[in-house]
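The chains referred to below are lettered A, B, ... by the order of the sequence lines, with proteins before strands, and numbering in each begins at 1. We use all heavy atoms of the structure for the numbers below, so side chains are in, but hydrogens, waters and symmetry mates are not.
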Amino acid sequence: MTRFSRLLSSSHSFMETFQTLLTRELSRALAASGLPAAGEVVPATDARFGDYQTNAALVLAKQRGENPRSLAQKIIPHLAVGEWCEPPTIAGAGFINFTLKPAAVAAQTARLLQDERLGVPLAETPHRIVIDFGSPNVAKPMHIGHIRSTVLGDALARIAQFLGHDVIRDNHIGDWGTQFGMVIYGWKNLLDRAALVRDPIGELVRIYKTAHDLTKSDSAVRDACRNELVRLQAGDEENLHIWNECVALSLQEFEAAYRILDIHYDIQRGESFYNDRLPAVVDRLLKSGLAEISEGAVCVFFRDIPELAERPCIVRKSDGGFNYATTDVATIDYRIRDLGADTVWVVTGAPQLLHFRQIFEIARREGYTADFRHITHGSILGEDRKLMKTRSGDNVPLREVLDEAVVRARKIVEQKNPDLDEAEKNAIAQTIGLAAVKYADLSQYRMTDYIFSWDRMLSFQGNTAPYLQNAYVRIRSIFRKAGEEFSAPNELTLAEPAELNLAKRLTQFAETVPQVLNDFRPNILTNYLFELANAFHAFYEACPVLKSTEPARATRLALCELTARVLQRGLDLLGIKVPEKM
RNA sequence: GCGCCCAUAGCUCAGCCGGAUAGAGCAUCGGAUUUCUAAUCCGACGGUCGGAGGUUCGAGUCCUCCUGGGCGCGCCA
């Protein structure tokens, strides 16, 4: 465990969610009824069915060939849930529905106010997780396509860490590809020194692209590039020096972007880090019989897996060189043997599905038992539904996207709240603009290609970052106006439907966060936060806070405080900040 | 040729292990403000879940086939 999570776990009092309580009570009731464990308790699919439901009777009825409703009838008397719920009811085909008592919700809400973790349980078995995300290439510009892996990976890392896992964030930088043949050729033949000083990355990209274009039409350049690459890999001093400079310049560029995006890595092991381990990897695979020589290359075949039968993985080229498959196998070794990982997550675009299926399959055949997950995502499309490109057909530079987000947010702040001073407006624009870009990405199911739209992501209506931030800001405004320090009341009274509804939502944060990691879907959390903000706004309309009288006032202030904490924490788990004003 | 991913309201998208009458937002239309940020709320309209079979008490979800789109498939990463 990291120091951070250990601190939290030692200081928080153990809380259980309603879902956990009801689940345990259900299995107790099933046992008392002489029935085996079955079914599950889930949040009700519709408010008219109460708050939670179980399909246990349906599952058991199917197994035993009995009538589901009469089975439910037998289970219900054994359900001792009176502390939290109204008497359970049978509905539909045989569902058992639970409706929470307002007093139980109020008590749970009061406990949440005392809990730093807002009720979110720690993982039962903490894992050491190496998470590989972002992974930009040296000498290539960071572009809009890097947002998804970077933002998704960061959010998953934050959530895993909060749940008590030991997370190691690794930036697997592409610092050793064939692109260096072209970059070094360009450096020696095309470099404009003045431009390099002025705009290092721009010049690096220019010589790379120029060389790349030349190789397409000029076979002499192609040969020269290949030659430079061979010399680099053979350890040629001059080429190594150039390579080193390129890497250093690119790292500066990456770090600038990470600073803006608030992304942090624990380690940065580029491909070159594994160079001296590659020969041993291939020797080992050959020795163990996993790999064989085919057409001069060393390949691993997967003849027993139909989809992979005709798709070998090459781990050494026929010219003796290694490729990224070799590096990735060495990377697995390192993460498990040197870093002690029992779990490895790799976050990349969907096109690499086949590659990582092969790599993880090799790892399993080598006897590794770690939990390997390839977490893939779709692409970002332009309004024309094609991969987002600039007018000239290039990738949209990441920096331009981030800058424009802030500029657009700045205009909106200016329009909505012109009285703020300049520095404050700029800070708010930064917070809102970056939040909008990140949230637009995370609020979508990761596998779908999504259409990038400034107007949608910066809208204050709908499932957007500004909508959530605005809920937070409204709360902060109430406390500023109240002018008093918040102190949690001993008990709450939930009288209004809007209060009860908001409080119920607040208790569900703890049920939602762990769910994200089931299938690596941060959008489950964004959906929850959107619904929470929506419940808050409805409460805000229906229930005056400062002008209400006790005991309503203390309850409402408590609901505001807790909502603010959940919004802030929830967005923080997504790598998104909240402003105090906007 | 083979393989993987995707297809849900006019538009953008949710819908994890199969569960009740498939949900939001935008757009459109209609309401709400002497009130803590109307940057909001409430309501209406809107669907053969790409198509056809199958599995079962129950299918948007699982299986098979088909259509349409994206991506990948031995020496780039």
K.L.:
Give the rounded distance in Å between these two atoms: CD of A:Q358 and C1' of B:G3.
P.N.:
11 Å
K.L.:
Taking the side chain from A:S149 and the backbone from A:G134, do they hold a donor-acceptor pair closer than 3.5 Å?
P.N.:
yes
K.L.:
In whole angstrom, what separates A:L546's CG from B:C36's C1'?
P.N.:
5 Å
K.L.:
For A:T448 and A:G462, find the nucleotide of RNA chain B closest to each by heavy atoms; which residue's nucleotide sits nearer the 5' end?
P.N.:
A:T448
K.L.:
Please report the shortest heavy-atom distance between A:N323 and A:I314, naming the atom on each side.
P.N.:
ND2-O, 2.9 Å
K.L.:
Under 4.0 Å between any heavy atoms, over every strand shown, what does A:Q444 touch: base, sugar-phosphate, or nothing? Just pick one.
P.N.:
sugar-phosphate
K.L.:
For B:C17, does the base pair up with any side-chain atom of A:E40 as donor and acceptor (N or O, under 3.5 Å, distance only)?
P.N.:
yes
K.L.:
Which residue, A:N97 or A:E271, contacts RNA chain B at a nucleotide closer to its 5' end, judged by nearest heavy atom?
P.N.:
A:N97
K.L.:
Round to the nearest Å and state the distance from A:Q352 atom CD to B:G72 atom C1'.
P.N.:
11 Å
K.L.:
Describe the nucleic acid contact of A:D46 in one word from base, sugar-phosphate, nothing, applying a heavy-atom distance below 4.0 Å.
P.N.:
nothing
K.L.:
Is there a donor on the side chain of A:Q461 or the base of B:G25 sitting less than 3.5 Å from an acceptor on the other?
P.N.:
no
K.L.:
Determine the interplanar angle of the A:F452 and A:W454 rings, folded into 0 to 90°, and report it as parallel if under 30°, tilted if 30 to 60°, perpendicular if over 60°.
P.N.:
perpendicular
K.L.:
Would you kindly give the CG-to-P distance between A:N527 and B:A24, to the nearest whole Å?
P.N.:
12 Å
K.L.:
Quick one: A:E541 CD to B:A32 C1', roughly how many Å, whole number?
P.N.:
8 Å
K.L.:
Ignoring hydrogens and angles, answer whether the base of B:C16 and the side-chain atoms of A:Q515 contain a donor-acceptor pair closer than 3.5 Å.
P.N.:
yes
K.L.:
Do the non-hydrogen side-chain atoms of A:Y324 and A:H355 ever get within less than 4.5 Å of each other?
P.N.:
yes
